[in-house]
Amino acid sequence: MLDIKLIRTTPELVAQALRRRRSSLDIDLLLALDKQRREILFEAEGLKAKQNEVSRQIPALKKAGKDTTAIFAEMKAISDTIKDMDTKVSQIDLQMQELLLTIPNIPHESVPDGSDDTNNEEQRKVGAPRKFEFEPKAHWDLGESLGILDFATAAKIAGARFTVYKGAGARLERAIINFFLDTHTAQSGYTEVFPPFMVNRNSMTGTGQLPKFEEDAFRVANNDYFLIPTAEVPVTNMHRDEILDGAQLPICYCAYSACFRAEAGSAGRDTRGLIRQHQFNKVELVRFSRPEDSYDQLEELTANAEKVLQLLGLPYRVMLLCSGDMGFSSAKTYDLEVWMPSYGRYVEISSCSNFEDFQARRANIKFKDSQQDKAQFVHTLNGSGVAVGRTVAAILENYQNADGSINIPDVLIPYMGGMTTIPPSQN
RNA sequence: GGAGAGAUGGCUGAGCUGGUCUAAGGCGCACGAUUGGAAAUCGUGUGUGGGCUAAUACCCCACCGAGGGUUCGAAUCCCUCUCUCUCCGCCA
């Protein structure tokens, strides 16, 4: 959510940001409502001041035995007027809130202008895609023939876009989760969090998933709970409606969670394999930062996510997203893309963003350094560290052998109980 | 799921027979005085949002879990909801 004061004082700046976003939203209505609201508020507050003043005198008048019927009649009229005005103001508030919640964040000045992913800028490429002396297979074929991924059974027990992992596959998934968490907590100073996988509506609104993107989420039918699409939601909302001590910043959390996404609107895309699932595992990195530090924090956080890919020996590249391709709440985003032989291209495996005060304003997360200071909004950041299912896919494809067996990356061997390869299929 | 109790400022805790509550007292915290320095003591201050502003100055408005209602006037009375605690039942 943007600051209404910012929109009021520099409407052109906001309008320009919306153009950069390729958004057709219009802020004129919002500005008109804001003006109207302040006019009514000014009048109503004057009446309330009078009401308070008269109320203060009533006990004395009564004590003196004065007749108060005339005053009460007059005050009744004022009271009714105030109620009307309050109703009007709260209606305008509601309307403004609705509008404000649909305005995306302002892109940072370092974000390149552009309409879609073709305008994203490659920052660096790490590791080189392997040259295969044989025809590499896709992970869904490898996984099925090795008996470690079972899409048909998942379809039976749940539906499309679910996977059953078995044997070494299930263990690999678990090994990667533990490896990610251990690496982040040990090397990068994150506090591990294990959050609820369902959250309430306020939390989903706080981080920007609601109200605009309700169709992307799974909602629990009999409660107003939502299955989390990412651990970003519960973890960022841990500090909702709090004023943090500035000395504690930055606060860094990493959290494993299952993630649930309806994938509305992506029918027919990535239908095979682990790439696009209704449920997947992810380790998420979340930071709460001082405003002046947040872009340094973004670089650090991105480096933390890159680190696990480097340790796994997976080739990847870092993309700076352009203004038209960024997520709704983000001011600046780097995507990490891992090399996926079956796709013959790089595929997103992590998205690292600085939201500046956009989420903090929605979720009301502030900090101050001392009693004298005025509380100000923190900056929030998060990034996948990284998506687990896609990591499994990348490992299967990049570490496959001609006979269909899979080498286990060195760093994962301890997590696999010493297993160095997933042996080829027996059948 | 059943029965009961409760939710007040950073914490504790009064108020809850509606009107100096414009929220007492205590603790904590900040600043100052005192001191060689500290403790103790004394003094002053101590939240959030909004309006007005050059202003994080003054002034005004709102906020006693959330949302409604009654009233000239609500922390206080009424209704709904949420959460917490105690007991019972069920349960991994």
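Residue numbering restarts at 1 for every chain, and letters A, B, ... go by the order of the sequence lines. Computed over heavy atoms, backbone and side chain alike; hydrogens, waters and symmetry mates excluded.
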Quiz item: When we call it a touch if two heavy atoms are under 4.0 Å apart, what does Ile71(A) touch: a base, just sugar-phosphate, or nothing?
Solution: nothing
Exercise. Tell me what Lys5(A) touches on the nucleic acid: a base, only sugar-phosphate, or nothing, going by heavy atoms under 4.0 Å.
Key: sugar-phosphate
Practice problem: Looking only at non-hydrogen atoms, find the nearest pair between Leu25(A) and Ile103(A) and report the distance. | Solution: CD1-CA, 3.8 Å
Self-check item: Minimum heavy-atom distance Asn202(A)-Asn237(A), with the two atoms named
Solution: O-OD1, 4.2 Å
What is the separation between atom [atom1] on [X] and atom [atom2] on [N], rounded to the nearest whole Å?
X: Phe367(A); N: U48(B); atom1: CZ; atom2: P; value: 13 Å
X: Lys50(A); N: C72(B); atom1: NZ; atom2: C1'; value: 12 Å
X: Asp80(A); N: U71(B); atom1: CG; atom2: P; value: 9 Å
X: Asn364(A); N: G47(B); atom1: CG; atom2: C1'; value: 13 Å
X: Glu74(A); N: G73(B); atom1: CD; atom2: P; value: 13 Å
X: Ile82(A); N: U71(B); atom1: CD1; atom2: P; value: 15 Å
X: Arg56(A); N: U20(B); atom1: CZ; atom2: P; value: 10 Å
X: Gln51(A); N: G73(B); atom1: CD; atom2: C1'; value: 7 Å

Main-chain N/O of [Y] paired with [X] side-chain donor or acceptor, under 3.5 Å:
X: Gln400(A); Y: Glu397(A); value: yes
X: Gln376(A); Y: Lys374(A); value: no
X: Asn120(A); Y: Leu321(A); value: no
X: Arg287(A); Y: Tyr190(A); value: no

If [N] has a Watson-Crick or G-U wobble mate with both distances under 3.5 Å, name it; if not, just say none.
N: U82(B); result: A7(B)
N: U48(B); result: A62(B)
N: U56(B); result: none
N: A40(B); result: none
N: G25(B); result: U12(B)
N: C87(B); result: G2(B)
N: U20(B); result: none
N: U71(B); result: none

Pick the [atom1] atom in [N] and in [M], then give their distance to the nearest Å.
N: C81(B); M: G89(B); atom1: C1'; result: 25 Å
N: U76(B); M: G18(B); atom1: C1'; result: 6 Å
N: A74(B); M: U22(B); atom1: P; result: 10 Å
N: C79(B); M: G26(B); atom1: C1'; result: 36 Å
N: U8(B); M: A3(B); atom1: P; result: 25 Å
N: C87(B); M: G28(B); atom1: P; result: 34 Å
N: C61(B); M: A7(B); atom1: C1'; result: 26 Å
N: U71(B); M: G19(B); atom1: C1'; result: 12 Å

[X] side-chain proximity, nearest of [options]:
X: Lys83(A); options: U71(B), G50(B), A62(B); answer: U71(B)
X: Lys368(A); options: G47(B), A62(B), G51(B); answer: G47(B)
X: Ile58(A); options: U48(B), G19(B), U56(B); answer: G19(B)
X: Ile243(A); options: U48(B), G51(B), C72(B); answer: U48(B)
X: Phe72(A); options: C61(B), G47(B), C72(B); answer: C72(B)
X: Ser55(A); options: A62(B), G73(B), G50(B); answer: G73(B)
X: Leu41(A); options: G19(B), G50(B), U48(B); answer: G50(B)
X: Asn52(A); options: C72(B), G51(B), A62(B); answer: A62(B)

Self-check item: Heavy-atom donor-acceptor pair, Glu45(A) side-chain to G50(B) base, under 3.5 Å
Solution: yes
Return no unless some side-chain N or O of [X] is found under 4.0 Å from OP1 or OP2 of [N].
X: Thr68(A); N: C72(B); value: no
X: Arg37(A); N: G50(B); value: no
X: Arg8(A); N: G51(B); value: yes
X: Lys374(A); N: G49(B); value: yes

Exercise. For the pair Tyr253(A) and His239(A), name the ring-plane relationship: parallel under 30°, tilted 30 to 60°, perpendicular over 60°.
Key: parallel
Quiz item: In terms of the nearest nucleotide of RNA chain B, which residue is placed more toward the 5' end: Glu53(A) or Lys76(A)?
Solution: Glu53(A)
Exercise. Let me know, please, whether Ser90(A) or Ala73(A) comes out on the 5' side of the other along RNA chain B by nearest nucleotide.
Key: Ser90(A)
Quiz item: When you check the side-chain N and O atoms of Lys282(A) and Thr230(A), is any donor under 3.5 Å from an acceptor?
Solution: yes
Quiz prompt | Cys352(A)/Leu381(A) under side-chain contact (heavy atoms from CB on, under 4.5 Å): CA gap, chis, key distance, verdict | solution = CA-CA 7 Å; Cys352(A) 302; Leu381(A) 303 93; over 6 Å; no
